[in-house]
Structure formats: structure tokens, C-alpha cells
Amino acid sequence: MKALEKSKTREFRSRFSGEVLLPGDVNYDDVRQIWNAMIDRRPALIARCVSPEDIVQAVKFARINNLLVSVRGGGHNIAGNAVCNDGLMIDLSLMKNVQVRPNVGRATVEPGCTLADFDAAAQKHGLATPLGINSTTGVAGLTLGGGFGWLSRKYGMTVDNLLGADIVLADGTAVRANETENADLFWGLRGGGGNFGIVSRFEFQLHRVGPDLLSGLMVFPFEQARSVLKQFAGFTESMPDELNVWMVARKAPPLPFLPENVHGKEIIALALCYVGDAAEAEKLIAPLRRFGTAHGEHIGVQPYTAWEQAFDPLLARGARNYWKSHNLTQLSDGAIDAIIKYAGKLPSAQCEIFVATLGGQTSRVAPEAMAYSNRDVNYVVNVHGRWESPDDDQRGIAWAREFFAASQPFASGGAYINFLTEDESDRVAFAYGATYSRLLEIKKKYDPTNFFRMNQNIQPAG
Ligand SMILES: Cc1cc2nc3c(=O)[nH]c(=O)nc-3n(C[C@H](O)[C@H](O)[C@H](O)COP(=O)(O)OP(=O)(O)OC[C@H]3O[C@@H](n4cnc5c(N)ncnc54)[C@H](O)[C@@H]3O)c2cc1C
């Protein structure tokens with residue numbers, strides 16, 4: 001690893017308010033370690049920013065010293081681009097301020113916030129914006145790639161609710177992007193995945209949500225998988241926007257509402273959430289109970305923030321992860337067959353195949369309205385390869401790749417940029433589809449030297 005000259009880092013420290021970490025410093029290994037334990041990189045320097053001005057200083061320092069830059073928000077990205085070898089890791093995770101303005105239904109959010117940080121602040125006022133399903137995920141990376149979760153069928157993608165952002169560009173200047181200021185940059189930010197600069201502050205539209213919502217899990221035996229999945233496909237095609245139901249095929253964790261003899265066996269779980277009146281929700285979910293003979297269910301009215309943490313224990317930091325995903329407009333019989341085949345040979349107890357349901361409001365935005373363009377997507381199928389030991393890497397990766405290949409014929413166009421792995425840079429153009437050529441031009445205008453390239457990279461046009 002390249003060592004930086006002491007005089008240079010000393011000078012940088014004098015301009016920087018946050019913490020600067022070098023290899024060997026006490027927190028260095030903890031901060032460089034991100035969610036996916038498969039990623040093990042060693043930056044020459046870590047700059048832990050506490051203000052927008054710190055971000056400016058870090059960008060200028062990297063520029064002058066010709067350092068590769070990586071940017072860490074929540075550190076969840078599966079490809080591991082938040083951390084680089086030998087360069088400067090700009091860590092934003094200490095910037096966690098959230099300001100909610102309930103009178104206008106808006107929030108400004110700093111880029112180190114997790115979904116839990118943002119939701120806790122907004123839910124104090126009974127407000128929220130669509131985010132993801134795992135509360136430890138970073139708001140920044142999730143938003144810049146598109147963002148979807150329980151509220152998306154009702155209120156759209158996270159980017160559909162982004163009103164503006166403050167951003168530090170590759171030359172160290174700080175600008176604002178919204179519908180009227182740097183509108184092309186704002187267009188690119190909403191899906192462009194960190195290619196254009198470092199966001200120091202997001203502004204979001206909020207909606208009335210909960211704070212209590214009907215949500216929970218229904219678990220069916222794997223033997224009933226085909227029938228449950230076919231009914232799931234039919235049901236989700238016509239359910240109201242307020243309701244969202246996702247499917248997870250995995251081995252049963254030791255959940256207290258499941259009989260002990262089911263623990264560790266393959267199951268089909270339906271996870272659901274209704275954004276509205278609980279009595280109405282009860283009526284709407286009644287047909288799900290007739291999909292088969294459930295092993296058990298745990299459904300009730302609970303705080304939205306509690307439901308958003310429900311999957312955290314299954315998706316904790318520190319395991320080795322290899323994911324691949326497809327977009328689907330329809331959950332066809334072929335896709336269902338592939339899910340059942342590969343869920344029937346899970347290589348570890350933590351591996352799973354999940355189907356996230358989109359549609360609703362996410363589909364009512366024009367594909368060219370912003371960088372995120374996959375508006376025909378009704379389902380995202382994600383294969384989560386996940387295990388503890390490096391000895392299992394080969395088997396787990398092979399399983400995920402085989403499922404990906406087997407389900408490919410049933411996929412539609414595009415891909416979710418936030419679910420691409422380290423080895424999928426060749427899918428970036430495909431992932432964006434119709435908006436890719438405009439993204440190349442915006443990249444050329446705002447980052448002509450490709451200074452920000454530790455990401456699912458969009459190379460400057462020409
Ligand atoms: C367990 C788990 C559950 C998930 N669930 C969902 C889900 O329900 N819905 C969903 O939509 N996605 C989901 N995701 C995917 C998630 O959206 C991406 O992993 C996302 O990149 C995470 O953002 P982060 O800030 O935590 O990641 P990081 O790894 O910190 O950042 C990812 C990339 O974003 C860019 N970036 C981060 N911060 C900034 C910034 N301030 N300015 C400019 N660029 C920046 C950088 O290029 C960085 O490499 C999930 C991921 C995991 C691991």
C-alpha cells in the first residue's frame with residue numbers, strides 16, 4: 001500500500017474538522033470494514049467528514065495528490081465501492097443530522113444517515129418517505145441508485161421524492177441541484193449512483209405514514225411453493241397501491257411463531273405492509289391466508305419503524321455476501337420454476353431468493369423523467385448469496401450465478417443499479433437503458449476526468 005507523506009497528511013488535518021485515520025490507527029480497521037465482509041480493502045487514508053466543508057477539503061486533497069476516491073454513506077453497497085485500496089475513503093457516516101419541517105412536509109437529511117435515523121426523526125411527526133426494508137442501509141446510496149421499499153407502491157421510488165440536493169463536484173465546488181438549479185445534474189443524481197459528485201445534504205418530500213401500520217409475515221411450507229407463488233403472482237398484479245407483499249424463499253429462522261420442527265427447513269414467507277387503515281388491510285389480506293396451509297403467521301399493527309427493523313437480524317453486517325438480481329414485469333411460470341429449483345438447494349442457511357414487488361406509483365413516472373428509468377418493473381428478483389466462511393465462497397457464488405442464468409429468460413429490461421455486484425460493471429449500460437446516453441453527457445459536463453469512479457461507473461462521453 002502507498003504511504004502518504006506525513007507533511008501532506010499533517011497539512012490536510014489542519015484544514016479538516018473531522019477525524020483522519022491512517023493504517024494502524026485505532027479505528028482504521030473498524031471504519032474501513034463495510035457491511036459485506038467479502039470486501040477487504042485498505043485505503044491510504046480515511047477522512048471522516050463532519051461538515052460539507054470537510055467534503056470540499058477531502059475532494060481537493062484527493063485531487064492535488066492524485067488519489068483514487070471512494071465515498072461511504074451507510075456502507076451497505078454489495079459491490080463494496082464505499083472503500084478503495086490505496087486511495088482516500090471519504091466517510092460520511094458521522095454526518096447524521098435530519099431536520100423535519102412538518103408544516104411543509106419536507107426533510108433535509110445528511111448523507112451519513114441510515115434509514116433508521118431518517119425514519120425515527122420523520123415518524124415523530126407521523127411522516128415518512130419511501131426507503132428500503134433494512135433499517136441499517138444508508139439513505140445516500142439507496143437514494144442515488146433509485147430506492148424502493150414498503151411505501152413505494154403508494155408514494156413512488158425514493159428518487160421520486162427527492163426535491164433537491166447539495167453536492168460537492170469533482171473540482172471541489174459546492175453547488176445545489178433541483179428542478180430549477182443545475183436541473184441536468186438533478187436529473188442525473190436521481191438514479192446516477194454517485195457518479196457526479198458527493199451529496200452533502202438531501203431534501204425529501206414526506207407523506208403521512210402510520211406511525212402504526214398493519215404488517216408482518218405469513219410462512220408456508222416449501223412443499224406448497226408452486227401454488228403459493230402462482231397465487232402470489234396473480235394477487236400482486238391487482239392489489240391496491242397501499243398494500244405491498246414481498247416473497248422470500250429461504251430456510252426458516254428460529255422465529256417464535258413457527259413450530260420448532262420447521263426451524264432450518266425451506267419455507268416460503270410472504271412479508272406484507274399496508275399503508276392505511278388496519279381494518280381495511282385485514283379485509284385485503286384475507287385471501288393470502290387461503291394460498292395454502294401456513295406453518296404460522298405474525299401479523300399485526302405495529303410502528304412502521306419496528307417493521308422496518310424486522311429484517312435487520314437476518315441481514316446484519318459481517319457476513320460474506322454475493323447478490324445478483326433481475327427486473328421482471330411479470331412473475332411468470334418460468335421464473336417461479338427457477339425460484340423453486342434454486343430455493344430447493346440453498347448452499348447455506350442464510351441464502352435466500354426474494355421477490356420485491358414494485359409497480360403502483362413507481363410505474364406512473366415517465367422513464368425519461370430522471371436517470372432511474374426502469375418504470376415497467378413490477379418485481380425485482382434478488383438472489384442473496386450469504387454465508388460466514390471464505391471456504392463457502394465458491395459454492396455460494398456458483399449457486400447465485402446459476403440461479404441468475406436460469407431466471408434470465410424471464411427477466412425484462414434494465415437492472416437495479418444498487419443490487420449490482422463488484423463483477424457486473426458490464427451491466428451498467430443495460431441497467432440504465434434509455435437514459436444511459438444522457439448520463440454519459442452529464443458525466444462529461446460535471447466529472448470529465450472520471451474523478452468519481454468507485455461506483456457503478458458511467459464513463460464521460462467521448
Ligand atoms: C441488507 C440490504 C438491504 C437492502 N434493501 C434495499 C431495499 O429494500 N431497497 C433498496 O432500494 N435498496 C436496498 N438495498 C440496496 C441499497 O440501496 C444499496 O446497497 C445502497 O448503495 C446502500 O447505500 P449506502 O449508503 O448504505 O451504501 P454505501 O456503500 O455507503 O454507498 C454506495 C455507493 O453510493 C455512493 N454514495 C454513497 N453516499 C454518497 C454521497 N453522499 N454522495 C455521492 N455518492 C454517494 C458511492 O458511489 C458509494 O460507493 C439493500 C442493501 C442491503 C445490503
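Remember, it's 1-based here, ligands and their atoms both numbered in the order they're listed. Residues: numbered from 1 along the sequence shown. These values consider heavy atoms only, across backbone and side chains, with no hydrogens, waters or symmetry-generated copies.
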- Using a 4.5 Å cut-off on heavy atoms from C-beta on, say whether the side chain of Asp393 contacts that of Arg320. yes

Check: Phe16 ring centre within less than 6.0 Å of Phe61 ring centre: no

Next on the checklist: Can you tell me if Phe311 contacts ligand 1 (heavy atom of the residue under 4.0 Å from the ligand)?
Outcome noted: no

Heavy-atom side-chain contact between Ile353 and Phe403 under 4.5 Å:
yes

Counting heavy atoms under 4.0 Å, the part of Asn81 that contacts ligand 1 is both

Among Trp150, Phe452, Phe419, closest by heavy atom to atom 6 (C) of ligand 1 is Phe419

key: Within-shell test, Ala79 vs ligand 1, heavy atom, strictly < 4.0 Å   = no

Contact region, Trp323 to ligand 1, non-hydrogen atoms below 4.0 Å, reads side chain

Rounding to 0.5 Å, atoms OG1 (Thr357) and CG (Asn378) come to a distance of 8.5 Å

Q. Relative to each other, are the rings of Tyr432 and Tyr436 parallel, tilted or perpendicular (30° and 60° limits)?
A. parallel

On the 0 to 90° scale, with breaks at 30° and 60°, tag the Tyr372-Tyr416 ring pair as parallel, tilted or perpendicular.
perpendicular

Short version for Leu144: what comes under 4.0 Å of ligand 1, heavy atoms counted, is side chain

Any heavy atom of Leu92 under 4.0 Å from ligand 1? The part involved is side chain

query: Gly149 near ligand 1, heavy-atom distance under 4.0 Å?
result: no

Can a protein heavy atom be found under 4.0 Å away from atom 18 (C) of ligand 1? yes

Consider every N or O of Gly141 and every N or O of ligand 1, then say whether any pair is closer than 3.5 Å. yes

So for Pro111 against ligand 1, with non-hydrogen atoms under 4.0 Å, the contacting part is side chain

Min over Gly75, Ala82, Cys49 of heavy-atom distance to atom 30 (O) of ligand 1 lands on Gly75

Quick one: does any side-chain atom of Thr108 pair with a main-chain N or O of Phe202 as donor and acceptor, under 3.5 Å? no

With a sphere of 6.0 Å drawn around NE2 of His298, does it hold more than 12 non-hydrogen atoms of other residues, nucleotides or ligands? no

Handout entry: Side-chain heavy-atom pair Ile285, Leu272 within 4.5 angstrom cut-off
Key = yes

Check: of Met95, Met89, Arg201, His76, min heavy-atom distance to atom 53 (C) of ligand 1 comes from His76

